[in-house]
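First comes the structure, then the notes that go with it.
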Amino acid sequence: MTTASAPGKIILFGEHAVVSGTAAIGGAIDLRAAVHVTDEPGRVLITTEDLALQGFSFDMTAGHIQSARAAHATRYISAVLRELDARDMQVSIKSSLPPAAGLGSSACIVVATVAAVSRHQGHNLSKKDIAEVSYRLEKTVQNGLGSPMDTALATYGGYLQISKDIQPLDLPPLNMIVGYTGIPHDTRSEVEKVQNLRKRYPDLVDPIFQAIGAISQNAIPLIKEGNAAETGELMNINHGLLASLGVSSRELEELVYAARGAGGALGAKLTGAGGGGCMIALPGRSGPEALLVALRQARAAAFQVKVGCEGVRLEEKR
Ligand code: MEV
């Protein structure tokens, strides 16, 4: 058996503006997807205990007819297995990340699958190879859309600054609270919405993108120094700018205000594409517990994450 695991992610600052080339900061979190590969002569079988697909099984051996739903549910993993010409194996996926929540669940499944399957086949891919193959595959499944942020974070872990290129950032671990609205989001339509707004109002939207990029740049030394109060302030400004681009929602706003009010957060913002999905909050003097309670009272699924965690990890072949 060969096993690999890879982390999910949050975007701390800079989403949407990054699509047009300004800086964004992302961090890997301590929720992971694990992929186990075992020998299965004559077949290629995918099984998953993914949160949304409890006990799901899919046989992609040539000639085996599957339902469209099964093919859709396993599209990321099937893409990896086709790319790597997988044969005679069972691939089991177990993920602790909610899917379609903006926490990078598809990217970490792709990265862990590339790492586990390639090692099981006897290859020794570098992290650079894993990140490149994974980004290309995720982008193909998403019809050409997506930045390399999610797959790079799932591969390298830690923190990354993404603008025209990807650079690791040396920042200390952070404890954040994530509030999930329970509403699946659609990255593609949110990105298109913002890019259309930009086409119609370039003189308004471009300065907003510039301001968002400047927030990311300003945040780096603040996180490094452990200046939580000002990091939180920048989260609040970033959220306001994202709302001005139309990617917040009533549900996200309720969680952001619950976090800042009863939750005593130093800062709160949506994370990822918006429209649904998740928000993040930085605990204040009243601590993480008060924040979790406030978000749950506002009907979120809320949990604490550590940011800056390890990237893809391979367990040795047994
Ligand atoms: C989505 O997680 C982040 C966006 O900036 C899109 C992207 O960078 O691909 C909205």
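Atoms within each ligand, like the ligands themselves, are counted from 1 in listed order. Below, each value reflects all heavy atoms present in this structure, side chains not excepted, and no hydrogens, waters or symmetry copies.
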Does any part of the side chain of [Y], heavy atoms only, come nearer than 4.5 Å to the side chain of [X], both counted from C-beta?
X    : Y    : result
V133 : R136 : yes
M176 : L12  : yes
L174 : Y159 : yes

query = R285: what forms a side chain to side chain donor-acceptor pair (under 3.5 Å) with it, not counting sequence neighbours?
reply =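 By the side chain to side chain donor-acceptor pair (under 3.5 Å) rule, R285 matches no residue at all.
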request  = Not counting sequence neighbours, which residues clear side chain to side chain donor-acceptor pair (under 3.5 Å) with D203? List them please.
outcome  =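 Applying side chain to side chain donor-acceptor pair (under 3.5 Å) to D203 gives none.
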May I have a table of the N/O to N/O pairs between ligand 1 and the protein that fall below 3.5 Å, each row giving the two atom names and the distance to 0.1 Å?
residue	atom	partner	partner atom	Å
ligand 1	5 (O)	H16	N	2.9
ligand 1	8 (O)	S147	OG	3.1
ligand 1	9 (O)	S147	N	3.0
ligand 1	9 (O)	S147	OG	3.4

task = Not counting sequence neighbours, which residues clear salt bridge (Lys or Arg N to Asp or Glu O under 4.0 Å) with R296? List them please.
result =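 Per chain and number, R296 pairs via salt bridge (Lys or Arg N to Asp or Glu O under 4.0 Å) with no residue.
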